[in-house]
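Numbering of ligands and ligand atoms starts at 1, following listing order.
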Amino acid sequence: MSYIRFEKINKLFGTNHVLKDIDLEVEKGQLVTLLGPSGCGKSTLLRCLAGLEQVTNGHIYLDGQEITDVIPRRRGIGMVFQQYSLFPNMNVHDNVAYGLKLKKMPKAEINQKVEEMLGIVGLSDKISQYPAQLSGGQQQRVALARAMVTAPKVLLLDEPLSAIDALLRKNLQIEIRRIQQQLGITTIFVTHDQDEAMVMSDMIHLFHNGKIEQSGTPEQIYTRPATKFAATFIGNYNLPSAAEFNRVFKADIAGQDVAVRPEIIQLSTQAPAKTDGLLTAEGKIVSHISHGNLIRFTVDFDGLPLNADVVFENRLDFGEGDTIFAAIKKDLVIGL
Ligand SMILES: Nc1ncnc2c1ncn2[C@@H]1O[C@H](COP(=O)(O)OP(=O)(O)OP(=O)(O)O)[C@@H](O)[C@H]1O
Ligand SMILES: [Mg+2]
């Protein structure tokens, strides 16, 4: 049996049906991400697991026990909220030490753990400061340290990095993942940032309007979106109609729409040799945008515009108005 199991969870706020028949399982020691746009019910599901909201119906199990009606502090769950709530009258050290003091850990051990954790989140020099003296991102890191230092059975992280600048955020993603794996803390992470979900997760559950649209590993979700919504939310998929795509590439992809990642469209100034399993077409470069490591070209294929990514070495091989040839491996094209 899975370590955490949500069974047919429904949650209504008045007439607003926020969670609809959610079935979700989390294996012990995994980091699982709930990914989805604003308002789709991610925080509500976490709050139900923590016991801060009651489910309207359904069951929640943790480590073989039903916890649907157990009071929050008996669930053994640590949480970092979207609105991180530090104790304003305690300094950084005491905020982080709080949970360890409750556990009656010896003082020397508490100090050692607090210092170690503050080192990890990069706040060793702020140990005596009060929350009001810290920036939003620094407060968020204190909240993270406070939750992780107690090594809870389950850690719930609700957009814990949203107030942190890009570079530090990337480092913290890797650090959180490292600590989580090292301590084997079963973690549910909430984000609406697909890149963050890809970097951190064992499994991703993509939410849409209170339902799980698709579940899978980062690679599965990225390469095989199951629906148009998934393909819109993940990656940078081109989503032409199947009719248009089939006309231009002389293909027979089934479905309403076709999902094609920009990086699988190979551009060349030479017409590619016709081979089985390769779809080809001729087009004209319309424009390009530099992303640093790659250049995204927009190419017009007889009225059908598609984006194609080319790894940037040190010069642009194609310019606006050039005729180019595209080749796509057919088995990477997804009919939806
Ligand atoms: N306490 C509450 N009372 C009434 N409605 C609520 C309450 N909490 C959440 N909702 C509603 O439930 C829906 C889902 O909210 P939730 O906070 O779970 O979304 P979310 O996916 O976490 O979004 P975000 O990415 O913006 O944080 C929203 O329509 C919201 O208005
Ligand atoms: Mg939320």
Inset, instruction - Kindly write out the residues that satisfy ring pair (Phe, Tyr, Trp, His ring centres under 6.0 Å) with Phe249, not counting sequence neighbours, or none if the list is empty. - result: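 Counting only residues at least two positions away or on another chain, Phe249 forms a ring pair (Phe, Tyr, Trp, His ring centres under 6.0 Å) with Phe245, Phe301.
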Legend entry - Atom indices of ligand 1, in the order listed, that fall short of 4.0 Å to a heavy atom of Glu159: 25 (O)
Inset, instruction - Compare Asn16, Leu12, Thr44, Leu34 and give the one whose heavy atom is closest to atom 16 (P) of ligand 1. - result: Thr44
Legend entry - Heavy-atom proximity to atom 14 (C) of ligand 1, best of Ser162, Gly210, Gly39: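 Among Ser162, Gly210, Gly39, the closest heavy atom to atom 14 (C) of ligand 1 comes from Gly39.
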Legend entry - Lys107 atom NZ, neighbour heavy-atom count above 12 within 6.0 Å: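 No - once you tally the heavy atoms of other residues, nucleotides and ligands closer than 6.0 Å, there are 12 at most.
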Looking at [Y] and [X], is there a salt bridge between them, counting it only when a charged N and a carboxylate O are closer than 4.0 Å?
X      : Y      : value
Asp21  : Lys211 : no
Arg247 : Asp302 : yes
Arg169 : Glu196 : yes

Legend entry - Under 2.8 Å: N/O/S of Ser38 next to the Mg ion (ligand 2):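 It does not: Ser38 brings no N, O or S atom closer than 2.8 Å to the Mg ion (ligand 2).
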Legend entry - Cys40 to ligand 1, any heavy atom closer than 4.0 Å: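 Yes.
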Legend entry - Arg47 heavy atom under 4.0 Å from ligand 1: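 Arg47: no contact with ligand 1 (<4.0 Å).
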Inset, instruction - Scan residues 87-135 for pairs that pass ring-ring contact (aromatic ring centres under 6.0 Å, His included), counting only residues two or more places apart or in two chains. - result: Phe87-Tyr98
Inset, instruction - Please confirm whether Gly41 comes within less than 3.5 Å of ligand 1 when only nitrogen or oxygen atoms on both sides are compared. - result: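 Yes; at least one N/O pair falls below 3.5 Å.
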